[in-house]
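Start at 1 and go down the list; that is how both ligands and their atoms are numbered. These numbers come from a predicted model, not from an experiment.
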Amino acid sequence: MKRLDRRAFLRVSAGGAAALVLAACGRQTTQPPSSALPTSTASTAARPPTATAESMGGNAVAPTPTLPDGVPTEVRITPNDEFYEVDIGRGQPKIDPDTYRLRITGLVERELELSLDELRRRSAGAHMRTMECISNPVGGNLIGNAVWEVIPLRELLEEAGVKPGAVEIITRAADGFHTSVPLDTALDPLAYLAISMNGEPLPRGHGFPVRCLWPGRYGMKQPKWLVEIEVTDQPHTGYWEQQGWSNDAFIKVNSQIELPGDQERFTVGEQVLISGRAFAGRSGVQRVEVSTDNGETWHDANLVQAPEHPELVWTIWWYVWDTRGMPTGRYVLKARATDGEGNTQEGTRSGLFGDTFPDGTSLIHARAIFLDETS
Ligand SMILES: Nc1nc2c(c(=O)[nH]1)N[C@H]1C(S)=C(S)[C@@H](COP(=O)(O)O)O[C@H]1N2
Ligand SMILES: [Mo]
């Protein structure tokens, strides 16, 4: 908990005495308890260990601004009909659930052929997981978060009995799409097959009846309409990989500003809520910083993370910008995230496919807003 000193307390008001709020800590659940919100009654509840009532200024303290509306308190789920869809454009297969079979073939002791009912019986319950496309551009929407009912792939591979010499699994889909991941990814206890999405059977556009959910990799490694898993001793080159996209497809640390909107106008003195989402690979998001001066200075944002395996779910972040006393004009807002291995987003250039080719982008998202005179 070394990071606690730097991150556990967040200054949400300016002036001589700041209200200090218990904020995000590392990768744990960070929903701010409502009692720690900086209302006038709660502002003394979460005070840094070093501050005393006297040093906080007693009655001379300027009134603490209340939090603006819309401060996120939980990790958001993307409704199925708003969840982005990417496919290779050969039409979305229509699979009959009664005759559907998932085949596990190749370097195994016993090939398996599993019906949807047989898969359902192996369900390990519902788990939250974020999916992002490798070609999601800076500030883009090719990312979504859902609760999926899952079957751990590892158990199926153990049932089939993986033979020595296996290095990868090739995953094949009903639309002709195919890709592969190393065997150790397939055997990761968090490598799942999904059969439902946000409480409904997997929608057709998202791979009915079965899709893959692998930890730490972009969507291109996670087939929808899955029909075959072949265990192999030969490295395989998948559909997008053949066209030059990354074979690893490890998710790069990235973040998007969602609020405020681009070119939005505020009045000097307002408490401006800056918030968005961040996502990273297997190590998760450990920090998000916000700049209101085009990257000159950075401030730690509050993090709101999933209670279970937050590293595999997007991190919602927020920061309240106190604009009292700021000059009027145009301000460039930026957000940058750092993953669990210490990789921090940098740079703002934009190249081919929004700089996503061939292995995704980690460039910083920026947004301009305006501060106008108080009327
Ligand atoms: N069968 C099949 N699976 C696929 C694809 C595809 O074209 N066909 N596209 C992949 C890509 S590039 C992404 S980003 C994700 C998108 O999943 P979604 O459409 O459910 O968001 O599915 C992956 N799985
Ligand atoms: Mo993708």
Chemist: Give, for atom OG1 of Thr338 and atom CD of Glu346, the distance between the pair rounded to the nearest 0.5 Å.
Modeler: 10.0 Å
Chemist: Taking the six-membered ring for Trp, are the ring centroids of Trp321 and Tyr331 within less than 6.0 Å of each other?
Modeler: yes
Chemist: Between Asp175 and Arg90, does at least one N-O distance fall below 4.0 Å, as a salt bridge requires?
Modeler: no
Chemist: State which residue, out of Glu155, Glu159, Glu149, fulfils the salt bridge (Lys or Arg N to Asp or Glu O under 4.0 Å) condition with Arg122.
Modeler: Glu159
Chemist: Contacts table for ligand 1: protein N or O within a distance under 3.5 Å of ligand N or O, distances only.
Modeler:
unit_1	atom_1	unit_2	atom_2	d
ligand 1	1 (N)	Asp175	OD1	2.9
ligand 1	1 (N)	Asp175	OD2	3.3
ligand 1	1 (N)	Lys224	O	3.1
ligand 1	3 (N)	Lys224	N	2.9
ligand 1	7 (O)	Ile88	N	2.9
ligand 1	8 (N)	Asp175	OD2	2.8
ligand 1	9 (N)	Val86	O	3.3
ligand 1	17 (O)	Arg211	NH1	3.4
ligand 1	17 (O)	Arg211	NH2	3.2
ligand 1	19 (O)	Val86	N	3.1
ligand 1	19 (O)	Lys224	NZ	2.6
ligand 1	20 (O)	His206	ND1	2.7
ligand 1	20 (O)	Arg211	NH1	2.6
ligand 1	21 (O)	Tyr84	O	2.7
ligand 1	22 (O)	Arg211	NH2	3.3
ligand 1	24 (N)	Gln222	O	3.1

Chemist: Give a yes or no on whether the backbone of Tyr84 and the side-chain of Asn141 come within a donor-acceptor separation of less than 3.5 Å.
Modeler: no
Chemist: With distance as the sole test, does Thr323 use its side chain to make a donor-acceptor pair with the main-chain N or O of Gly269 at under 3.5 Å?
Modeler: yes
